[in-house]
Amino acid sequence: MEESRNFIEVIIDEELSEGGRCEGQRLHTRFPPEPNGYLHIGHCKAMVINFGLAEQYNGLCNLRMDDTNPEKEEHEYVEAIQEDIHWLGYDWGDRFYFGSDYFEQTYLYAEELIKKGLAYVCELGAEELSKYRGDTQTPAVSPYRERDKEESLDLFRRMRAGEFPEEKYTLRAKIDLASGNFNMRDPVLYRIRYVEHHRQKNKWCIFPMYDFAHPIQDAIEGITHSLCSLEYEDHRPLYDWVIDNVSVPHRPRQIEFARLGMSYTVMSKRRLRRLVEEGYVSDWDDPRMPTLCGLRRRGYTPESIKSFCKRIGVTKVNNVIEYSFLEHCLREDLNEKAERVMAVLKPIKLTIRNYPEGKSELFDIENNPVDESAGTRKVSFSKNLWIEADDFMEEPIKRYNRLYIGNEVRLKGAYIVKCVDFNKNEAGIVEEVICDYDPESRGGNASDGRKIRGTIHWVNAADSIDAEVRIYSNLFLKPEPEASDKDFVESINPDSLEIIENAKLERSLKDAKPGESFQFLRMGYFTPDLDSSSEKLIFNRSVALKDSFKPK
RNA sequence: UGGGAUGUAGUGUAACGGUAACACACCAGACUUUGACUCUGAUAUUGUAGGUUCGAGCCCUGCCAUCCCAGCCA
């Protein structure tokens, strides 16, 4: 079966084949994050497209820090971004670049435009400029448009030399003041900024705009296909104009695709930054965040995220993917790889009436039911166990096949027990369930072959770890109506972090390593993470199954 | 009301002009050493109105809806 191709693959196939625009060339893409925040799940889609396509076509994908605006970018993010990309499983080889490394060349191309009479130095201030821009009906006005080439060149050089204050001058492209596309109404190419650049320091006081810098950067690097999100569609004519009018060595083509939208969460860096800065979360890597580092701490595997990004497809349709699909992709990956252990979150006692006092035995329990090679582990068992509170019901509901008086249940990997009694505390809450065990059912199989409908997990009371467990889910936000930037924080669900104080864990969890994933039987998956300050085990539930929170 | 783009189940993605398919979600059932996993089944007048055609999700025309754009941000 031939797999269907997305629209970008169709274009690439066409252009790479005989007679195509890129005949004989190797596919070359780039991933160009702006170093002003951490990478999130939305960037993963872009990475899977850019790096993934390069892999698929035996091409190349560069990593480029898009750092043309000195006011917003910080070096802090550069390393984190690289780390996250590597964690996801992609590599840029030796092709790691900074847009700012091309400032000199970009500057020269600007001079070229001026010399060709295609750019001029404008004297309109920011406010004036917007006044002169016109509206949908009225063309823009640009009083400095006919400035002499030589004069513009002189002024531009003096701009670079630092002779003028910010906002005094800009360099503008001479394109079309009447265009319905406002990006073409003589867009600003360079602005003056006396701000230290994270990398160039104080070498420059003029900085190119994205619209001028990006096509040039792509062309210098020999990018064949510059893939970006839909909001740049209106900028493509300008992208092409730059490529057409400046003597760059290559002719990249910009193709736009819809960015990833996800239900119940925010993706804009502005908003994510606010969550961090205003203390709604501990940091960018808070497990509730949709950032790569946050997802990582919540137990997501890189494979699951890549699989998700591949399966959501690439189109130009604005989309909102249901969060449960991401969870599905994780579950699918973890189901094969994660070793299971037992842990009881809301414990009640289970006492086995006819099991000898003081006796203890070890059971070999499989680490992964879908992967025999994961082996088994020894789990101790005795008369007194902890079980999950909701594995017992005083008045069973229909189809309930766990513990209630008279019913038989299998203790996972151990024995079959029959519920004979229970005790409540003063508050009337069940705190102990009494059972008799079937000594002939060691390992969980009935000697007479009778069917046991229910199986529950348990922890040996004499050999358990008391732990505080933190269950994180995605920081769910109420879906529609779309909250405004200002008050979106009000829609945060406080239940996205649940702290459980008296969980009882299987002994084997003592040596759990951060980042390891475990299936929390019947309820979901979690990843233990060692919090060294409290010396308590902290669990991040990576996904929830049936009990997943969903706002109404 | 200027420019650019997009409309296929609840969600996302498919479908040389020829029986609208797949995944997630949901519901129903089977299986199961956890109710998980696995399996089976159910779910659509392809935004809308016309036109071309033996035949239209696909081609043509009008309409409607939604998204993006008037930063010296990216």
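Chain identifiers are assigned alphabetically (A, B, ...) following the order of the sequence lines, protein sequences preceding nucleic acid strands; residue numbering begins at 1 within each chain. What you see is a predicted model, and the numbers here were worked out from it, not measured in a lab.
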Rounded distance in Å - CG (A:Asp371) to C1' (B:rC37): 14 Å

Quick one: is A:Arg259 getting a side-chain N or O under 4.0 Å of the B:rA5 phosphate, OP1 or OP2? no

Whole-Å distance between B:rA36 P and A:Glu339 CD? 23 Å

Using atom P of each nucleotide, how far apart are B:rU66 and B:rU53 to the nearest Å? 35 Å

The test is ring pair (Phe, Tyr, Trp, His ring centres under 6.0 Å); show your working for A:Phe7 and A:Phe257 and say whether it passes. CA-CA 9 Å; A:Phe7 81 101; A:Phe257 60 86; 8.1 Å; no

From CG of A:Asn368 over to C1' of B:rU33, roughly how many Å is that when rounded to an integer? 14 Å

RNA chain B: A:Asn183 or A:Glu366, which has the more 5' nearest nucleotide? A:Glu366

Have A:Arg340 and A:Asn368 got a donor and an acceptor in their side chains that come within less than 3.5 Å? yes

C1'-based separation of B:rG47 from B:rG57 [nearest Å]: 12 Å

Kindly confirm or rule out a cation-pi arrangement of A:Arg236 over A:Tyr239, judged by NZ or CZ under 6.0 Å from the six-membered ring centre and within 45° of its axis? no

Please confirm whether the shortest side-chain N or O distance from A:Arg172 to OP1 or OP2 of B:rC72 is below 4.0 Å. no

Looking at A:Arg331, does any N or O in its side chain come under 4.0 Å of the phosphate oxygens OP1/OP2 on B:rA25? yes

Tell me what A:Met184 touches on the nucleic acid: a base, only sugar-phosphate, or nothing, going by heavy atoms under 4.0 Å. nothing

Phosphate-side-chain proximity, A:Lys310 and B:rU13, N/O vs OP1/OP2 below 4.0 Å: no

Is the phosphate of B:rA74 approached by A:Arg64 (side-chain N or O, under 4.0 Å from OP1 or OP2)? no

Of A:Phe325 and A:Ser179, whose nearest nucleotide on RNA chain B comes first from the 5' end? A:Ser179

Atom pair distance, as rounded to whole Å: CD in A:Glu322 and P in B:rU13: 12 Å

Among A:Tyr102, A:Phe103, A:Phe98, A:Phe207, whose side chain to side chain contact (heavy atoms under 4.5 Å, CB included) with A:Thr68 holds? A:Phe103

Measure from CD on A:Glu127 to P on B:rA70 and round the result to the nearest Å. 17 Å

Separation of B:rA74 C1' from A:Tyr239 OH (nearest whole Å): 15 Å

Among residues at least two apart in sequence or on other chains, which ones pass ring-ring contact (aromatic ring centres under 6.0 Å, His included) with A:Phe31? none

Distance between C1' atoms of B:rU8 and B:rA20 (Å, rounded): 8 Å

Just checking A:Ile365: base, sugar-phosphate only, or nothing, at a heavy-atom cut-off of under 4.0 Å? nothing

How far, in whole Å, is B:rG41 from B:rG55 if one measures between their P atoms? 34 Å

Are A:Tyr169 and A:Phe164 close enough that their ring centers fall under 6.0 Å? yes

Identify which nucleotide among B:rA70, B:rC73, B:rA15 has an atom closest to any side-chain atom of A:Asp135, counting heavy atoms from C-beta outward. B:rA70

Gap in Å between the two P atoms, one belonging to B:rA65 and one to B:rA23, rounded: 36 Å

Syn within 90° of 0, anti beyond: B:rG29 is anti

Going by atom types alone, do A:Glu233 and A:Gln254 pair a side-chain donor with an acceptor below 3.5 Å? no

Test of understanding: with side-chain contact (heavy atoms from CB on, under 4.5 Å), list the residues that count as partners of A:Tyr194, not counting sequence neighbours. A:Glu166, A:Ile192, A:Cys205

Name the closest nucleotide to the A:Lys451 side chain, picking from B:rC24, B:rU32, B:rU13. B:rU32

Looking across every strand, which nucleic acid part, if any, lies under 4.0 Å from A:Asn401 by heavy atom: base, sugar-phosphate, or nothing? base

For the residue pair A:Asp391 and A:His457, establish whether any side-chain heavy-atom pair is separated by less than 4.5 Å. yes

Contact class for A:His214 (heavy atom, under 4.0 Å): base, sugar-phosphate, or nothing? nothing

Determine whether a donor-acceptor pair (one donor, one acceptor, N or O, separation below 3.5 Å) exists between the side chain of A:Arg193 and the base of B:rC72. yes

Quick check: any donor-acceptor pair below 3.5 Å linking the side-chain of A:His457 to the base of B:rA36? no

Counting Watson-Crick and G-U wobble pairs with both distances under 3.5 Å, what is the dot-bracket string for RNA chain B, 5' to 3', using [ ] for crossing pairs and | for pairs to another strand? .((((((..((((....[..))))..((((.......)))).....(((((..]....))))))))))).....

Can you see whether A:Tyr323 engages A:Asn474 through a side-chain donor-acceptor pair at a distance of less than 3.5 angstrom? yes

Taking only the side-chain heavy atoms of A:Phe182 (C-beta and beyond), determine which of B:rU33, B:rG2, B:rA74 contains the nearest atom. B:rG2

Heavy atom of residues 160-170 of chain A under 4.0 Å from RNA chain B: which residues? A:Glu167, A:Thr170

Mind checking if A:Val409 touches a base, just sugar-phosphate, or nothing, with heavy atoms under 4.0 Å? nothing

Please check if the distance between the ring centroids of A:Tyr38 and A:Tyr77 is under 6.0 Å. yes

Base, sugar-phosphate alone, or nothing: which one does A:Tyr190 contact when heavy atoms must sit under 4.0 Å apart? nothing

Starting at the 5' end of nucleotides 63-68 of chain B, put B wherever the base has a protein heavy atom under 4.0 Å, S where only the sugar-phosphate does, and a dash everywhere else. ----SB

Looking at every strand, decide which applies to A:Lys316 at a 4.0 Å heavy-atom threshold: base, sugar-phosphate, or nothing. sugar-phosphate

Is the shortest heavy-atom distance from the side chain of A:Leu326 to the side chain of A:Tyr300 under 4.5 Å? yes

Going by the side chain to side chain donor-acceptor pair (under 3.5 Å) test, which pairs reach into residues 125-142 of chain A, not counting sequence neighbours? A:Tyr120-A:Ser142, A:Asp135-A:Thr138, A:Ser142-A:Arg172

Is A:Asn445 touching bases, backbone alone, or none of the nucleic acid, heavy atoms closer than 4.0 Å? base

For A:Gly454, answer base if it contacts any base atom (sugar-phosphate contacts may also be present), sugar-phosphate if it contacts only those atoms, and nothing otherwise; contact means non-hydrogen atoms under 4.0 Å. nothing

Spacing between A:Leu330 atom CG and B:rA36 atom C1', to the nearest angstrom: 15 Å

Quick one: is A:Thr315 getting a side-chain N or O under 4.0 Å of the B:rU13 phosphate, OP1 or OP2? yes

Between the base of B:rG35 and the side chain of A:Arg402, is there any donor-acceptor pair under 3.5 Å? yes

Do A:Thr301 and A:Ser304 have a side chain donor and acceptor closer than 3.5 Å? yes

To the nearest Å, how far apart are A:Phe212 CZ and B:rC72 P? 16 Å

Is the shortest heavy-atom distance from the side chain of A:Asn50 to the side chain of A:Arg30 under 4.5 Å? yes

Students often get this wrong, so: under 4.0 angstrom with heavy atoms, is A:Arg311 touching a base, only sugar-phosphate, or nothing? sugar-phosphate

